[in-house]
Amino acid sequence: MEEQKKEHRLLLMPSPLQGHITPLLHLAQILFSKGFSITILHTLYNSPDPTSYPQFSFHAIPDGLSESETATLDAVNLTDLINIRCVHPLKEYLLSLLSNSLQSVPCFISDAALHFTRSVCDEFKLPRLVLRTGGASSFLVFASFPLLREKGYLPVQESRLEESVVDFPPLKVKDLPKYQSNDPEAFYNLVCRFVEDCKASSGIIWNTFEELESSALTKLRQDFSIPIYPIGPFHKLLLTGSASSASLLTPDKSCMSWLDRQEHKSVVYVSFGSIASISEDEFLEIAWGLSDSQQPFLWVIRPGLIRDSEWLEALPSGFLENLGGRGYFVKWAPQEQVLSHPAVGAFWTHNGWNSTLESICEGVPMICMPCFADQKVNAKFASSVWKVGVQLENKLERGEVERTIQKVMVGDGAKEIRENALNLKEKASACLREGGSSHCFLDSLVSDILSVASSASSDH
Ligand code: UDP
């Protein structure tokens, strides 16, 4: 059986953003462990490091992006350009590969945002599976964008923020995905386009699990007449530590020995992912709130996180000295290791889907501060559905920060949140065991890929 699968090469292409590259490389590792040969197709922009994955083949698809484009354009504009400029190079690659390969290529696995792969795969009659790196609940909202617009919920209006969104409990208008950009229509159009092209795929693979998002997954199965494979959490299927090899930035591991010196469940880990940015004023309010909370904290200040600032220079003089070692700053953390450290008591997160899932897997309560896109939906689910966190609801201000930290770490509700987080952690682990939901969906994904391969070979 394993030998039979080695004859099959799977082509996988990530969208070139950290939150997309990591889960796609994890999926590739999972499928490799099931015996498939793997080729990663990638843009030149943010290309993954092939030396971390000697077991895979890598092939660059020239994206034609200039340095000034990658430096100035936002993620939506960049994705739009990739969807245009990679069409021709991908066609050329497939033409050459499919006419020369001695192995069968049963399918192409594309990140959902790379919708251009649909027409290319159709042209080569190559079945296309989609990897959606976000959650299923937020995808359901994306899939309803035209309806939400028809009902007047979108574009989001300031005057309606507190209104409940009918048919999407517990979402309010303020929880709907939003993208701050010069061209708000570009986000709406990209979402509608990728949803349509997901619907037309041979199946969607999700880095989620049935027990976490059962109602969204059930609804998606009703609305989409294609297989839905929730086989996550991906990183928990892999050996510990293998996730950092998918990192575009080098993690600063010095924070681990600092964590070793902190008390059990005392540390607030603060990270807003790979894209979100904050103003200098927001940075200062967070810093003062953390300092006033008296809790130790580990804070990721990624290059580009603070607009118009490089690092910690905006902090008032004496601030760091007054912390007395209670705060530790890094430019990039080994996040999975940090979250699994016994000293970490809460994760102040922007609720990117990977961060949300990583926190769930370690049973770490969240302080939710969503910034854009699906993060608002994820934050609402974390705080109001799974009840494993608290949202920073009001203006980002030091007093509010301090109160919210206390609420999650020591307040009346903190115990309940911690218990919910531990229950959910157990579910995230159980679904991967033999007979668990993700385990079974992974088996069906593998057997569906093999059956495509065998029907293609019998056609020849
Ligand atoms: N991450 C990390 N170190 C950091 C901050 C983030 O390894 O210091 C990883 C994190 O573990 C997650 C990814 O970067 O896997 C961020 O993805 P997410 O979906 O949470 O947010 P995005 O960056 O897409 O906004």
Side-chain angles (χ1 to χ4, degrees), residues 18 71 180 247-263 265-335 337-339 341 343-352 355 359 364-372 375 379 389-410:
Q18 183 69 73
Q180 224 59 308
S247 218
L248 295 168
L249 298 170
T250 309
D252 179 348
K253 295 195 173 143
S254 66
C255 57
M256 298 310 293
S257 44
W258 178 82
L259 282 174
D260 288 342
R261 295 195 295 275
Q262 308 307 316
E263 280 176 30
K265 301 232 174 294
S266 65
V267 174
V268 181
Y269 169 58
V270 189
S271 166
F272 306 129
S274 63
I275 305 173
S277 64
I278 54 176
S279 67
E280 216 170 86
D281 283 349
E282 288 169 326
F283 168 67
L284 287 174
E285 291 307 310
I286 296 173
W288 279 115
L290 284 166
S291 167
D292 294 346
S293 78
Q294 303 302 324
Q295 299 292 145
F297 63 89
L298 166 61
W299 190 355
V300 178
I301 310 278
R302 188 199 80 233
L305 172 71
I306 311 165
R307 292 189 285 276
D308 306 320
S309 222
E310 280 297 312
W311 175 234
L312 307 176
E313 61 275 13
L315 291 175
S317 69
F319 182 91
L320 291 174
E321 293 74 11
N322 286 340
L323 282 175
R326 206 162 40 75
Y328 199 86
F329 299 84
V330 290
K331 294 192 170 159
W332 194 248
Q335 181 160 303
Q337 275 169 272
V338 167
L339 287 171
H341 195 286
V344 172
F347 180 14
W348 183 348
T349 171
H350 71 312
N351 286 110
S355 295
S359 203
V364 176
M366 288 174 242
I367 296 167
C368 306
M369 190 181 80
C371 300
F372 56 82
Q375 297 159 13
V390 168
Q391 277 219 56
L392 252 167
E393 288 283 2
N394 305 315
K395 191 171 175 294
L396 187 55
E397 172 273 320
R398 60 192 77 180
E400 179 69 14
V401 168
E402 189 190 343
R403 278 188 293 280
T404 309
I405 292 174
Q406 298 302 336
K407 225 193 240 179
V408 173
M409 301 294 283
V410 290

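Each residue takes its place number in the sequence, starting with 1.
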#### Entry: Backbone N/O of W258 and side chain of Q262: donor-acceptor pair under 3.5 Å
yes
### Message
Using the side-chain contact (heavy atoms from CB on, under 4.5 Å) criterion, which residues pair with E282? Sequence neighbours excluded.
### Response
I278, S279, R307, L396
#### Entry: Gap between atom SG of C255 and atom CD of Q335 - 0.5 Å precision
10.5 Å
### Task
Count the heavy atoms of every other residue, nucleotide or ligand shown that sit under 6.0 Å from CD of E393, and state whether that count exceeds 12.
yes
### Atom pair OG/CD of S355 and Q375 - distance to nearest 0.5 Å
8.5 Å
### Summary
Taken to the nearest 0.5 Å, the spacing of E263 CD from Q295 CD works out to 9.5 Å
## Note on the structure
Taken in chain and number order and not counting sequence neighbours, the residues that satisfy side-chain hydrogen bond (donor to acceptor under 3.5 Å, both in side chains) with D260 are H341
### Message
On a heavy-atom basis, which atom in L315 and which in L284 lie closest, and how many Å separate them?
### Response
CA-CD2, 4.1 Å
### Gap between atom CZ of R398 and atom OG of S291 - 0.5 Å precision
9.5 Å
#### Entry: Backbone of I306 reached by a side-chain donor or acceptor of S309 within 3.5 Å
no
### Task
Begin with the C-alpha distance, continue with both residues' side-chain angles, and end with the deciding distance and a verdict on side-chain hydrogen bond (donor to acceptor under 3.5 Å, both in side chains) for W332 and S247.
CA-CA 9 Å; W332 194 248; S247 218; 2.7 Å; yes
### Query
Between the side chain of Q18 and the main-chain N/O of L248, is any donor-acceptor distance below 3.5 Å?
yes
### Query
Roughly how far, to the nearest 0.5 Å, is NE2 of H350 from CE of M366?
12.0 Å
### Message
Test your reading of the model: is there a side-chain donor-acceptor pair from R326 to the backbone of F297, 3.5 Å cut-off?
### Response
no
### Message
Within a 6.0 Å radius of atom CD on E313, are there more than 12 heavy atoms belonging to other residues, nucleotides or ligands?
### Response
yes
### Task
Could you tell me whether the side chain of S271 and the main chain of V300 form a donor-acceptor pair under 3.5 Å?
no
### Task
Decide if the gap between the ring center of Y269 and the ring center of Y328 is smaller than 6.0 angstrom.
no
### W311 side-chain N/O to K331 backbone N/O, donor-acceptor pair under 3.5 Å
no
### Task
Please work out whether the ring planes of W299 and F283 are parallel, tilted or perpendicular, with thresholds of 30° and 60°.
tilted
### Task
Would you please name every residue forming a side-chain contact (heavy atoms from CB on, under 4.5 Å) with E400, sequence neighbours left out?
L392, N394, E397, R403, T404
